[in-house]
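Beneath this line is the structure, given in structure tokens, with notes to follow.
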Amino acid sequence: MNNEKIKSAPNFIKNIIEEDLKSGKHTHIVTRFPPEPNGYLHIGHAKAICINFGLAAEFNGECNLRFDDTNPEKENAEFVNSIQEDIKWLGFQWHDKAKYASDYFDQLYDFALFFINNGLAYVCDLDANQMKQYRGTYTEDGVNSPNRNRSVAENLELFNNMKLGKYADGSKTLRLKIDMSSPNINLRDPVIYRIKRAHHIRTGDKWCIYPMYDYTHCISDALESITHSCCSLEFEDHRPLYDWIVAHLYAAKLLPCHPQQIEFSRLELLYTVTSKRKLNQLIQEKVVSGWNDPRLPTISGMRRRGYTANGIKLFAQRCGVSKSPNIIDFEFLENAIREELENEAIRVMAVIKPLKITLINFDATTKSKSVPFHQHQALHGERELTLTKEIYIEQSDFMERPIENWQRLAPGKEIRLRHSYIIKCEQVIKNNANEIIELKCSLDPLTLGANPQGRKVKGVIHWVSCTLALPVKLRMYDRLFTTARPHGEISDFNHNSLVEINALIEPDATKVQPETRLQFERIGYFIADRYDSKPLAPIFNKIVDLKNTWLEKNK
RNA sequence: AGGGGAGUCGCCAAGUGGUAAGGCAUCGGAUUUUGAUUCCGACAUUCGUAGGUUCGAUCCCUACUUCCCCUGCCA
């Protein structure tokens, strides 16, 4: 993809960064991509990745990868690995080594002591239910915790005991002392530490207390000298808390900088779902095969489906960055993918619903010709294509009584066989049930690689040799849900989202390596499945259909 | 209802007190051994609504309206 294209689109975050660079607030920027390792990355993450890594690249800065691993109950190593693999596959490289919020647990603990010592945090005995009662509502102020005025010494001792494991899970929390009557509920004495005896993927059983996201994230950003912390819109309400925490620590010279949180709107797609909960449900109920099912908008799913990293990046770039709510049609993604595939995919022929043709005046047993794998991209090379007396064409490429503007085969009509001769339908053979079972055609021997004299022949159709073509399995995919805005219910699931069919393909096309993308001419783009393909026996996943304006109009 | 955001072409999205970029889609037309690709052309007298300020407003002010987010010891 042309990098100029990426640089040309302005957006409000770039404007902020340009301003900061111009004013001298920053001389160099650092961003971060901070996933929680509790699931696989999806197209929404791809947008965030493109924004954060893209910004760093464009302004010659750096982008960190930091796992937000503060809730050990939900996180595991499989997700840590898949996330790294997906980011690398997209073509991005994080700065330095991958970082983890858990790298900062010791510092986070010390900072908690700082807040306690300054009378800005206290240990609270309220349980979850009570805390909810005390928190108030949107319209009613909250009520101070009875433990809000504990002495520093007592808080210190209690917090130390929490860390030592002297209390049961959930029985105590450490809270910031801010304002129980704030209209922003995030500021009503937020919990920053909870007791949770869970095994952590990196710190094991060292801790039984874990810091909360709001407390951890801003401090981690500052510790990593992040300049611009870009996240999605739902964190707007958290920014005052982010700033509150960082400001105190920064003023005390405990933090090197005060990063700026900037929020953008998430990506939403029609006909699919991206929430981890909903994706997980589809997987649990086995309506899809796993996180990398080609129908899923997960990065690994899209990879397996055959989407290219550049196509996904092009899509993200075209979506832009803003704060306005947006819902994008799945076709918008498919268009970007198709655009990237146009030059990349080699062309070969396959027939799905065969109709036999006998070339009545074909006077050899075989006739071979070297033809290009791509009409406009010579670098893809050529292969030997062999014509035989009997071939198959697509049933849909013949009409006994053709409709208007029919550019394919019909009785008495001429069309070109792709990369081969012009043929003319001389006779239609039917069985007892009056079904067309074969066509007898003549070929014009002067039209191999040449246009016919004195007449113009318009249609071109694909074909395979009856004797040489090889059978192969095609997995035809369609949208995940039948409704435009699915909530993830199985009732909306598109049960035709995967249909396996058989096809006959030209022999050279069976030699492709897994993950090779190709176009079956006039059918669509396909990829040899990276997991299920065997040597000389690929299984092809349909990536996306070819655009077909004629078919659209004649539906 | 309290707080925080957002409303510019079918879908995204720039823009700014000086008279509406761009992309995708769509519609014409040309080229084409993929009805694909490519190429040319068309596509917002108008910026949620109503007032106001101004020589001039999508941009500033006021009111209204619609949509999204927030009452986890999730992130």
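These figures come from a predicted structure and were not determined experimentally. The figures that follow rest on heavy atoms only: side chains count, while hydrogens, waters and symmetry mates do not. A note on names: the letters A, B, ... follow the listed sequences, proteins ahead of strands, and every chain is numbered from 1.
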Taking NZ, NE, NH1 and NH2 as the nitrogens, is one of them in [X] or [Y] under 4.0 Å from a carboxylate oxygen of the other?
| X | Y | value |
| --- | --- | --- |
| Arg408(A) | Asp397(A) | yes |
| Arg32(A) | Glu224(A) | no |
| Arg135(A) | Asp141(A) | no |
| Glu268(A) | Arg485(A) | yes |

| task | Kindly say if Asn15(A) contacts the phosphate of rG15(B), meaning a side-chain N or O under 4.0 Å from OP1 or OP2. | result | yes
| query | Should Asn326(A) be listed as having a side-chain N or O under 4.0 Å from OP1 or OP2 of rA13(B)? | reply | yes
| query | For Thr272(A), which residues count as a side chain to side chain donor-acceptor pair (under 3.5 Å) partner, sequence neighbours excluded? | reply | none
| query | Who are the side chain to side chain donor-acceptor pair (under 3.5 Å) partners of Ser171(A), not counting sequence neighbours? | reply | none
| said: Between Trp244(A) and Phe115(A) (judged by ring centroids, cut-off 6.0 Å), do the two rings come close enough to count as a pair? | reply: yes
| field | Listed once per pair and sorted, the salt bridge (Lys or Arg N to Asp or Glu O under 4.0 Å) pairs that draw on residues 441-450 of chain A, sequence neighbours left out | value | Asp444(A)-Arg455(A)
| Tell me the salt bridge (Lys or Arg N to Asp or Glu O under 4.0 Å) pairs involving residues 160-170 of chain A, sequence neighbours left out? | Asp169(A)-Arg197(A)
If the [atom1] atom of [N] is compared with that of [M], how far apart are they to the nearest Å?
| N | M | atom1 | result |
| --- | --- | --- | --- |
| rA21(B) | rU45(B) | P | 12 Å |
| rG10(B) | rG52(B) | P | 29 Å |
| rU46(B) | rU8(B) | C1' | 9 Å |
| rC43(B) | rG51(B) | C1' | 33 Å |

| task | Give the B/S/- string for nucleotides 67-75 of chain B, one per nucleotide from 5' to 3', where a protein heavy atom under 4.0 Å of the base yields B, of only the sugar-phosphate yields S, and otherwise -. | result | --BBBSBBB
| field | Contact pattern, 5' to 3', of nucleotides 31-39 of chain B - B, S or - by protein heavy atom under 4.0 Å | value | --BBBBB--
| query | Tell me the ring pair (Phe, Tyr, Trp, His ring centres under 6.0 Å) pairs involving residues 329-348 of chain A, sequence neighbours left out? | reply | Phe315(A)-Phe332(A)
In whole Å, I'd like the distance from the [atom1] atom of [X] to the [atom2] atom of [N].
| X | N | atom1 | atom2 | result |
| --- | --- | --- | --- | --- |
| Arg266(A) | rG5(B) | CZ | P | 18 Å |
| Lys323(A) | rC12(B) | NZ | P | 18 Å |
| Leu267(A) | rC11(B) | CG | C1' | 12 Å |
| Asn11(A) | rG15(B) | CG | C1' | 13 Å |

| field | Syn/anti label of rG72(B) as read from its glycosidic torsion, with the cut at 90° from 0 | value | syn
| task | State which residues pass salt bridge (charged side-chain N to carboxylate O under 4.0 Å, His left out) with Lys177(A); sequence neighbours excluded, sorted by chain then number. | result | none
| field | Bracket string, RNA chain B, 5' to 3' - pairs by Watson-Crick or G-U geometry under 3.5 Å, | interstrand | value | .((((((..(((.....[...))).(((((.......))))).....(((((..]....))))))))))).....
| message | In terms of relative ring orientation, are His238(A) and Phe235(A) parallel, tilted or perpendicular, with 30° and 60° separating the classes? | response | perpendicular
| Those residues of residues 43-50 of chain A lying under 4.0 Å from RNA chain B by at least one heavy atom | none
| field | Partners passing ring pair (Phe, Tyr, Trp, His ring centres under 6.0 Å) against Tyr193(A) (at least two apart in sequence or in another chain) | value | Phe159(A), Tyr215(A)
| field | For Phe481(A), ring pair (Phe, Tyr, Trp, His ring centres under 6.0 Å) partners two or more places apart | value | none
| request: Quick one: label Thr139(A) by what it contacts on the DNA or RNA (base, sugar-phosphate, nothing), any heavy atom closer than 4.0 Å. | output: base
